[in-house]
Every structure is written in structure tokens, then in C-alpha cells.
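Here is the structure we will look at.
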Amino acid sequence: MKYPDFAYVRPASLGEALDCLQKYGDSAIPLAGGQSLLATLAMRLSSPEILVDITGLTELSEIAREGDTIRIGALVKHVQLLQSPIVRGATPLFTAALPHVAHVAIRNRGTFGGSLAFADPAAELPACLVALGGTLVLGSSAGRREIGAEDFFTGLLETDLRPGELILEARVPAQAPGSRWNFSELSRRHGDFPLAGLAAVMSPMSEARLVYLGCADRPKLATATAGMLRGASYPLKDVPGLAAALAEDLDPADTPGCSAETRLQLAGTLTYRVLNDLQEIPAR
Ligand SMILES: Cc1cc2nc3c(=O)[nH]c(=O)nc-3n(C[C@H](O)[C@H](O)[C@H](O)COP(=O)(O)OP(=O)(O)OC[C@H]3O[C@@H](n4cnc5c(N)ncnc54)[C@H](O)[C@@H]3O)c2cc1C
């Protein structure tokens with residue numbers, strides 16, 4: 001389909017981009033890698049009057065380590081994240097999940113911030129960010145604010161982003177010593193969004209963070225499931241109460257091609273697979 005008519009601006013600086021977004025409010029929308037936005041324009045699911053192309057804002061393209069915090073700029077491309085030695089060393093959950101994100105061509109253009117802003121509940125990077133306890137830094141012409149990833153995703157393709165705001169970066173704690181992590185997903189074909197997935201981080205001093213993707217309207221931190229698995233012995237096998245805890249956490253809906261019941265079964269399979277395999281991964 002043809003795109004609707006829109007105007008296009010390419011600000012030269014972050015300040016200019018934020019002023020532009022503030023000036024045009026709801027009628028303007030940021031353009032990053034375009035991998036999701038251009039499809040929604042072509043399908044007429046979105047019809048902004050102005051595209052604000054932020055791809056020239058090099059200050060949002062950095063990955064850096066500051067003490068125990070990893071800063072990942074919104075314009076970091078999926079491929080950069082996948083290849084980053086900083087990310088592999090400090091937050092390897094992302095490195096494990098990234099090969100599942102679409103295909104090489106899309107990973108070459110799609111950005112970290114674009115994936116977070118689009119907030120597809122089946123997307124890998126939002127789930128990893130929640131599992132790792134990350135924080136988003138949002139900027140507008142009025143200033144900056146921070147919000148925990150768990151609170152940022154508010155519903156199906158919905159976030160706490162306000163008109164005029166850009167995601168600037170995410171701050172992610174480096175995985176604590178002694179912690180283990182694992183990621184897996186189930187999809188019909190490699191590169192498709194998954195029917196269900198699980199990003200898991202287990203630290204010795206805190207509750208496991210199990211975040212399911214594709215199972216609810218947002219990346220879902222499964223607190224009931226983590227609670228009922230507290231003190232469990234491994235390998236897990238036929239855990240009584242697991243299905244009920246997953247149903248309480250995820251409460252999935254029937255969707256075309258996948259019933260809620262099937263999705264819960266997939267989430268159960270992933271729980272056994274991810275947590276049992278995780279025991280074999282050397283602790284950091
Ligand atoms: C065929 C196909 C398969 C895919 N499969 C997967 C998959 O398996 N897993 C997966 O996770 N993703 C998948 N994707 C999506 C891909 O990861 C996109 O790159 C990502 O969702 C959007 O990133 P982008 O940089 O292209 O953002 P864009 O398409 O440019 O923007 C997406 C949305 O985010 C907003 N936005 C972008 N950057 C910012 C910012 N910094 N601040 C505020 N708002 C911003 C835009 O205004 C727009 O609303 C797939 C895409 C395609 C086309």
C-alpha cells in the first residue's frame with residue numbers, strides 16, 4: 001500500500017529534535033530504523049503529519065560501561081548490540097536473545113529504542129530489559145526523566161512515553177556476581193515474532209526474574225511463578241502448581257492461530273527448558 005502524505009524533518013541535534021517534537025505534539029512521530037514504523041504507515045495504522053528523522057543524532061548511538069551500569073543509546077542498532085563486547089561481558093542475556101530478533105537485514109537497521117518504543121509484547125529486547133531490571137531515560141524539551149522498564153510497558157503496543165518525549169537510552173545493571181541467565185523462545189519459523197518466549201535471570205541474593213514474551217499484552221514479569229519455584233530442586237520435572245502460577249501471571253487471551261491454552265502450555269515448556277538449561281550455564 002502507499003504511504004499517507006507526511007512532511008519530513010531531519011534535526012541536526014538532540015535539542016533541535018526535542019524542540020521539533022514539542023512544537024508539533026501529537027502530529028509528529030520519531031523515525032528511527034523505520035522497520036516497524038514504515039510498515040504501520042503503509043498499512044495506514046498510523047498517519048502522522050511529520051516524521052522527525054532522528055537517525056543523525058550520533059549521541060544516541062553509544063554503548064558504554066560506567067561502573068556497574070551499561071548505557072545503551074536508543075539509536076544503537078540490533079546488530080551493534082549483538083556484536084558489542086561490553087554487552088556480551090556484562091549483560092549477556094541480550095546477546096543470547098538478539099539472534100532471535102527478526103533477520104539480518106532488519107537487525108542491520110532496527111534500533112534498540114525503536115523496539116522499546118514500539119512495545120510489541122512478543123519482542124525480545126523489551127523482555128530482556130525488564131528481566132535485567134533496566135531503566136529508560138526519556139527526554140523532552142522540558143527535561144529528562146527515568147522510568148523502570150517494568151513500568152514503562154503499559155499495554156499492547158503501549159508505553160508511558162508522553163507526546164514530545166524521546167527514548168534517549170537505557171541503563172542496565174551489569175549482571176551481579178553469581179547470577180545466571182538464559183533465553184529461549186518458540187516461534188513457527190526462525191526470525192518470526194515468537195508465540196512465546198522466556199528471558200530469565202537468577203541471582204543468589206534475590207528472587208528469580210522470569211519475563212515471558214508473547215504471552216500477555218506486555219513483557220510480563222512472572223512473580224507468582226518465581227515465588228512458587230523458590231527453593232525448588234533442579235532439574236525441574238512436573239512441578240505441581242506451575243500451570244496455575246503461570247495462568248495467574250500471564251492470563252493469556254485467545255489470538256488468531258494460538259489459543260490461550262496452547263500459549264500456557266508453551267510457557268510451561270519454556271519454563272522447564274530455560275530454567276533447567278540455566279543450571280548448566282556457569283554463574284558470572
Ligand atoms: C519482517 C519483520 C520481522 C521482525 N521481527 C522481529 C522480531 O522477531 N523481534 C523483534 O523484537 N522485532 C522484530 N521486528 C521489529 C524490529 O525489531 C524493529 O527494528 C523494531 O521494532 C523497531 O525499531 P526501528 O528502529 O526500526 O523503529 P521505527 O520503525 O523507526 O519506529 C518504531 C516506533 O518507535 C518510535 N520510536 C523509534 N525510536 C524512538 C525513540 N528513540 N524514542 C521514542 N520513540 C521512538 C517510532 O516513532 C515508531 O512509533 C521485525 C520487523 C520486521 C519488519
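Atoms within each ligand, like the ligands themselves, are counted from 1 in listed order. The model shown is predicted, which means the values in this text are computed figures rather than measured ones.
Heavy atoms of Leu75 come nearer than 4.0 angstrom to ligand 1 in no pair at all. Ligand 1 lies less than 4.0 angstrom from a heavy atom belonging to Gly191. Heavy atoms of Leu168 stay at 4.0 angstrom or farther from ligand 1. Within the 4.0 Å heavy-atom cutoff, His100 counts among the residues contacting ligand 1.
If you look at Leu125 next to ligand 1, there are no close heavy atoms at all, none under 4.0 Å.
Ranked by closest heavy atom to atom 50 (C) of ligand 1, the top entry among Ala32, Gly110, Ala102, Ala122 is Ala102.
Atom CD of residue Glu150 and atom CG of residue Leu136 lie 12.0 Å apart, to the nearest 0.5 angstrom.
Under 3.5 Å, the side chains of Ser259 and Thr262 contain a donor-acceptor pair of N or O atoms.
Scanning the protein for heavy atoms near atom 41 (N) of ligand 1, the closest one is Ile167 O, 3.1 Å. The protein non-hydrogen atom at the shortest distance from atom 6 (C) of ligand 1 is Phe193 CZ, 3.3 Å. Remark: minimum distance from atom 35 (C) of ligand 1 to any protein heavy atom is reached at Ala117 CB, 3.6 Å. Of the protein's non-hydrogen atoms, the one nearest atom 47 (O) of ligand 1 is Pro30 O, 2.5 Å. When hydrogens are left out, the protein atom nearest atom 17 (O) of ligand 1 is His78 NE2, 3.0 Å; that is the closest non-hydrogen contact. For atom 20 (C) of ligand 1, the nearest protein heavy atom (residue, atom name, distance) is Ser36 OG, 3.5 Å. Remark: minimum distance from atom 11 (O) of ligand 1 to any protein heavy atom is reached at Glu124 OE1, 3.0 Å. Atom 27 (O) of ligand 1 has as its closest protein heavy atom Gly114 CA, 3.5 Å.
Checked against a 3.5 angstrom limit, the closest N/O atoms of Ala74 and ligand 1 fall outside it. At a 3.5 angstrom cut-off on N or O pairs, Thr111 counts as close to ligand 1.
Using cut-offs of 30° and 60° on the angle between ring planes, the pair His100 and His190 is tilted.
Using a 4.0 Å cut-off between charged nitrogen and carboxylate oxygen, Arg171 and Glu169 count as a salt-bridge pair.
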